[in-house]
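Data block below; observations after.
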Amino acid sequence: MSVLTDLVAALDSGALKVVDLTQPLGPETPVIGLPPIFAASPGVSMEVISRYDDKGPAWYWNTITMGEHTGTHFDAPVHWISGKDYPNNRCDTIEPRRFIGPACVIDVTDEVKKNEDFILMPEHVVAWEKAHGKIPRGAWVLLRTGWSARTDPAAFLNVKSDGAHSPGFHKTTSELLAKDRDVLGVGVETVGTDAGQAGTFDPPFPNHATMHGNAKFGLASLCNLDQLPPTGAIVIAAPLKIVDGSGSPLRVLAIAPA
Ligand code: 23J
Ligand code: MN
């Protein structure tokens, strides 16, 4: 079995690189704001337990509190009502094989520069496939929008008088990816896997409804997608094994040709 020793040798030689697709996680991490009629998800708070002091003379550690869907995070099927009855649909029960797959990176940075409410349509996926080949079963489809360049939290969330504005997927695109291409899930650079205006769509939050309604996953607040090729990388995205968890902050790693 040489594939694993070959993998480590390629990482050591620099033929392959590890790309960290994860944003820093801390009190400054932006969190999604839903309309005030819905409960809010708290961001990160950290409290020192001890730091080489009288509470623990030789050790440093913290208590952290946050919503499950904070920062770079994983959406499990049970997160949405459409995915609530699938077997193995929560953080602690998903088959771990399903955390790893080839990455298909769809670059719509130019479109999003022109239109911050850009919605990915099935035609865009088909055009991408003409150039790069058919999305294989079990892939992570990553929507590269350039949105992670928005390091100012206000620009990242981009909330206006009529709500948030950020790119996302059309319902029919989510259906194509989930049902026909049988992906693992989709990953985005924005705070959630639906467009900023998706609460007004029919159905509301169609990507969540469709992905999770087909037992697929979501990855939100990714970065460094510009360091990945359109195809040829793999992504490892394993959430914390939270019992009955609907999602989890996680470290998302890609292995790509250098
Ligand atoms: C709940 C309701 C709407 C949305 C979300 C959560 C997320 O984006 C999320 O983190 O899953 S859009
Ligand atoms: Mn989420």
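Order of appearance sets the numbers: ligands from 1, and atoms from 1 within every ligand.
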Can you list the ligand 1 atoms lying under 4.0 Å from a non-hydrogen atom of Asp75?
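Those qualifying, in numeric order: 11 (O).
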Numbering the atoms of ligand 1 from 1, which are under 4.0 Å from a heavy atom of Gly192?
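Listed by number with element: 8 (O).
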How far is atom 10 (O) of ligand 1 from its nearest protein heavy atom, and which residue and atom is that?
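Here the nearest protein heavy atom works out to His73 NE2, 3.1 Å.
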Nearest to atom 7 (C) of ligand 1, what protein heavy atom do you find, and at what distance?
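The closest one turns out to be His208 NE2, 3.4 Å.
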Would you find a donor on one side and an acceptor on the other, under 3.5 Å apart, between the side chain of [X] and the backbone of [Y]?
X	Y	value
Asn224	Gln227	no
Thr190	Gly192	yes
Glu189	Gly146	yes

N/O of Asp194 under 3.5 Å from N/O of ligand 1, yes or no?
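Not met; the criterion fails.
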Could you say whether the N/O atoms of Thr193 and ligand 1 ever approach to under 3.5 Å?
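For ligand 1, there is no N or O atom that lies under 3.5 Å from one belonging to Thr193.
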Please compare His212, His69, His79 and report which has the shortest non-hydrogen distance to atom 6 (C) of ligand 1.
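Answer by nearest heavy atom: His79.
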Flag His69 as yes if one of its N/O/S atoms falls below 2.8 Å of the Mn ion (ligand 2), otherwise no.
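Yes, within the cut-off.
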Do any of the N, O or S atoms of Asp75 sit under 2.8 Å from the Mn ion (ligand 2)?
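So Asp75 counts as coordinating the Mn ion (ligand 2), yes.
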Kindly indicate, with the supporting measurements, whether the criterion salt bridge (Lys or Arg N to Asp or Glu O under 4.0 Å) is fulfilled by Lys171 and Asp202.
CA-CA 8 Å; Lys171 175 183 78 165; Asp202 181 24; over 6 Å; no
Check ion pair Arg181-Glu175 (N to O, under 4.0 angstrom):
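A salt bridge is absent here (no side-chain N lies under 4.0 Å from a carboxylate O).
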Any salt bridge between Asp244 and Arg90, counting N to O under 4.0 Å?
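Arg90 and Asp244: salt-bridged.
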Classify the angle between the aromatic ring planes of Phe217 and Trp140 as parallel (below 30°), tilted (30 to 60°) or perpendicular (above 60°).
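Aromatic pair Phe217/Trp140 classed tilted.
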Just to be sure I read this right, does ligand 1 sit under 4.0 Å from the backbone of Trp80, its side chain, both, or neither, counting only heavy atoms?
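For Trp80, the contact with ligand 1 is made by the side chain alone.
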Side chain, backbone, both or neither: which applies to Phe38 and ligand 1 if a contact is any heavy-atom pair less than 4.0 Å apart?
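Phe38 to ligand 1: no contact under 4.0 Å from either part.
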Least distance between heavy atoms, Pro249 atom then Glu68 atom:
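Where Pro249 meets Glu68 most closely, the heavy atoms are CD-O, 3.2 Å.
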Restricting to N, O or S, what is the name of the atom of His73 that lies nearest the Mn ion (ligand 2)?
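Among the N, O or S atoms of His73, the one closest to the Mn ion (ligand 2) is NE2.
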